[in-house]
Undergrad: 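Quick one: structure below, then a few questions.
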Amino acid sequence: MNSTIETDSQESDAIKNEERYLVPGLVRGLAILQAFNQQTQEMTITEIAEVLDVNRSSAFRLIYTLESCGFLRKASQKTYALDSKVMELGFNSLAKQSLLDLATPLMKELRDQTQLAVHLSILEGTHIVFINNIQSNGTFTSNIGLGTRWPAHATVIGQMLLADLTETEIKERYKGFNQWDTFSELTPTNLKALLQRLSFVKTQRSMVSWGHYNHDMAACAAPIYKQSTHKMAAVLSVSCPLGSYDEHYFRNDVAEAVIQTAEKISKFIY
């Protein structure tokens, strides 16, 4: 019992020693910046004071400091909003990182969440190319290697990437193309059928293949977009043997997890 009390006391002392190095004003200043989001883009001094649980005078001094440093700006006579310097901080850091650097940690999180193999693909000509693969935690081992190429027209990943192109770009890309290999009843067998298929794909947040390309495999794909151009940068996907999940669960719960992860990655891609 005494040993437990001594341990708790030691942990408490350690926390206090660490906390003495904190700069309260900086902590509160960062809390102000974090309080702004898509739903709260402008705030008054009173609202900021309530978020920090401080008086108006303390809130004003913090706001004045952040405004002077270029992190806040006057949005109206009474409200403040984030200034461009906040976005520059994130952009300068993210712009120096590659798609792989930014996507890999989130791909691992998706793998841990779903227990499935996770992939990252781009479009190259009339093929998709796998540029990153995270193996599943389970017994299933994906045989997809880096640089593996699949026909874009026949895969949900490829169809999603193609759907981001204009009709003119697609026609140019498939000019003289005659390798319309068929893998299921959903595989387009000519350019007209491909364009019809892509008109449907454009309306989807994700695409699921339930044995349509590899007959014993399920896959789900969702797009990753660049913030600067809103064009598709890559496609995130998961794969597993058909017996791994119930189809309804895969098309709904797994698909939603893939979509959410793709959207998270998109926030960091410029």
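These numbers were taken from a predicted model, which means no experiment stands behind them. Reckoned from all heavy atoms, side chains included, excluding hydrogens, waters and symmetry mates.
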Undergrad: Determine the minimum heavy-atom distance between A75 and A81, stating which atoms define it.
TA: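 Heavy-atom minimum between the residues: CB-CB, 4.0 Å.
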Undergrad: Holding to side-chain contact (heavy atoms from CB on, under 4.5 Å), I want the full list of residues that pass it with E172, two or more places apart in sequence or in another chain.
TA: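 With sequence neighbours excluded, E172 shows a side-chain contact (heavy atoms from CB on, under 4.5 Å) to K175, given in chain and number order.
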Undergrad: Nearest 0.5 angstrom please: K267 NZ to L106 CG, how far?
TA: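 The distance works out to 10.5 Å.
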Undergrad: Salt bridge or not between E247 and R251? Use side-chain N to carboxylate O under 4.0 Å.
TA: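 A salt bridge is present here (some side-chain N lies under 4.0 Å from a carboxylate O).
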Undergrad: Using side-chain heavy atoms (C-beta onward) and a distance below 4.5 Å, is I170 in contact with L191?
TA: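 Heavy-atom side-chain distance check passes, below 4.5 Å.
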Undergrad: Any sub-3.5 Å donor-acceptor pair from K74's side-chain atoms to Y80's backbone N or O?
TA: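 The answer is no, because no donor-acceptor pair under 3.5 Å joins these two groups.
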Undergrad: Is any side-chain heavy atom of V156 less than 4.5 Å from a side-chain heavy atom of H212?
TA: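 No, too far: nothing below the 4.5 Å cut-off.
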Undergrad: Can any side-chain N or O of D164 pair as donor or acceptor with the backbone N or O of M232 at less than 3.5 Å?
TA: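 Here the side-chain-to-backbone pair exists.
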Undergrad: When rounded to the nearest 0.5 angstrom, what distance separates OG in S209 from CG in N214?
TA: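 That separation rounds to 7.5 Å.
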Undergrad: Might you point out which heavy atoms bring Q159 and A154 nearest each other, and give the distance in Å?
TA: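 Between these two residues, the closest heavy atoms are NE2-C, 4.2 Å.
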Undergrad: Compare every heavy atom of M160 with every heavy atom of M207, then report the nearest pair and how far apart it is.
TA: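 Looks like CG-CE, 3.4 Å.
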Undergrad: Look only at the side chain of T114 and the backbone of L110, and say whether a donor-acceptor pair between them is shorter than 3.5 Å.
TA: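 Flag set: sc T114 to bb L110 pair under 3.5 Å.
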Undergrad: Between E263 and R205, does the salt bridge (Lys or Arg N to Asp or Glu O under 4.0 Å) criterion hold? Intermediate values first, please.
TA: CA-CA 10 Å; E263 289 177 347; R205 296 171 66 216; 3.8 Å; yes
Undergrad: Taking the side chain as everything from C-beta on, heavy atoms only, tell me whether N143 gets closer than 4.5 Å to T148.
TA: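 A side-chain contact is absent here, since even the closest heavy-atom pair is not under 4.5 Å.
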Undergrad: Can you confirm whether or not the ring centre of H119 sits under 6.0 Å from the ring centre of F130?
TA: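 Ring-ring flag for H119/F130: true, centres closer than 6.0 Å.
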Undergrad: Mind listing the closest non-hydrogen atom pair of M107 and L120 along with its distance?
TA: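 Closest pair (atom of M107, atom of L120, distance): CE-N, 3.8 Å.
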Undergrad: Is there a donor-acceptor pair closer than 3.5 Å between any side-chain N or O of T104 and the backbone N or O of L100?
TA: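 It does hold such a pair.
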Undergrad: Determine yes or no for a side-chain-to-main-chain donor-acceptor pair under 3.5 angstrom, with T40 supplying the side chain and F36 the backbone.
TA: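 A pair under 3.5 Å: no.
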Undergrad: Measure the CD1-CD1 distance between I48 and I63 for me, rounded to the nearest 0.5 Å.
TA: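 Between atom CD1 of I48 and atom CD1 of I63 there are 3.5 Å.
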Undergrad: Strictly by modelled atom types, are T65 and S68 linked by a side-chain donor-acceptor pair under 3.5 Å?
TA: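 Absent: no donor and acceptor within the cut-off.
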Undergrad: Please find out if less than 6.0 Å separates the ring center of W210 from that of Y245.
TA: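 Here the rings of Y245 and W210 have centres that are no less than 6.0 Å from each other.
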Undergrad: Supply the atom-to-atom distance L52 CG to L62 CG, rounded to the nearest 0.5 angstrom.
TA: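 Those atoms lie 6.5 Å apart.
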Undergrad: Would you compute the distance between atom CZ of F200 and atom CG of L186 and round it to the nearest 0.5 angstrom?
TA: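 Going from CZ on F200 over to CG on L186, the span is 9.5 Å.
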Undergrad: What orientation do Y213 and F183 show, parallel under 30°, tilted 30 to 60°, or perpendicular over 60°?
TA: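 Judged by the thresholds at 30° and 60°, the geometry between Y213 and F183 is tilted.
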Undergrad: Output yes when E124 and R173 qualify as a salt bridge under the 4.0 Å nitrogen-oxygen rule, no when they do not.
TA: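 Judged by the 4.0 Å cut-off on N to carboxylate O distance, E124 and R173 do not form a salt bridge.
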Undergrad: Out of N137, I134, V118, which one pairs with D112 under the side-chain contact (heavy atoms from CB on, under 4.5 Å) rule?
TA: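 Exactly one option meets the side-chain contact (heavy atoms from CB on, under 4.5 Å) with D112, and it is N137.
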Undergrad: Out of L30, L82, I32, L33, which one pairs with F71 under the side-chain contact (heavy atoms from CB on, under 4.5 Å) rule?
TA: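 Running side-chain contact (heavy atoms from CB on, under 4.5 Å) over L30, L82, I32, L33 with F71 returns exactly one hit, L33.
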Undergrad: Checking the side chain of N190 only, and the main-chain atoms of A193 only, is there a donor and an acceptor separated by less than 3.5 Å?
TA: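 Pair found, side chain donor or acceptor close to backbone of A193.
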Undergrad: Quick check: H153 with W180 (ring centres under 6.0 Å apart)?
TA: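 Yes: the rings meet the under 6.0 Å criterion.
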Undergrad: Working note: Q196 + S199, criterion side-chain hydrogen bond (donor to acceptor under 3.5 Å, both in side chains); need CA distance, chi angles, decisive distance, verdict.
TA: CA-CA 5 Å; Q196 289 178 339; S199 66; over 6 Å; no
Undergrad: What is the minimum heavy-atom distance between T182 and T187, and which atoms define it?
TA: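 Between these two residues, the closest heavy atoms are CA-CG2, 3.9 Å.
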Undergrad: Please check: side-chain N/O of S142 versus main-chain N/O of I144, any donor-acceptor pairing under 3.5 Å?
TA: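 Here the side-chain-to-backbone pair exists.
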Undergrad: How close do I157 and S237 get, counting heavy atoms only, and between which atoms?
TA: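 Smallest heavy-atom distance, with atoms named: CD1-OG, 3.4 Å.
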Undergrad: Under a 3.5 Å distance rule, please check whether Q204 uses its side chain to pair with a backbone N or O of V201 as donor and acceptor.
TA: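 Absent.
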Undergrad: Backbone N or O of T44 within a donor-acceptor pair of the E47 side chain at under 3.5 Å?
TA: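 Pair found, side chain donor or acceptor close to backbone of T44.
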Undergrad: Please answer whether the main-chain N or O of S266 pairs with a side-chain N or O of Q227 as donor and acceptor at a distance below 3.5 Å.
TA: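 Yes; at least one donor-acceptor contact below 3.5 Å.
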Undergrad: For R56 and T46, does a side-chain donor sit closer than 3.5 Å to a side-chain acceptor?
TA: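 There is such a pair (donor and acceptor under 3.5 Å, judged by atom type) between the side chains of R56 and T46.
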Undergrad: Atom CG in N55, atom CZ in R61: separation rounded to 0.5 Å?
TA: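 Rounded to the nearest 0.5 Å, the CG-CZ separation comes to 7.0 Å.
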Undergrad: So, do I269 and Y225 sit near enough that their side-chain heavy atoms are less than 4.5 Å apart?
TA: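 Not touching, per the 4.5 Å side-chain cut-off.
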Undergrad: With a 6.0 Å cut-off (strictly less than), is the heavy-atom count around CZ of F177, excluding the residue itself, greater than 12?
TA: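 Correct, the count exceeds 12.
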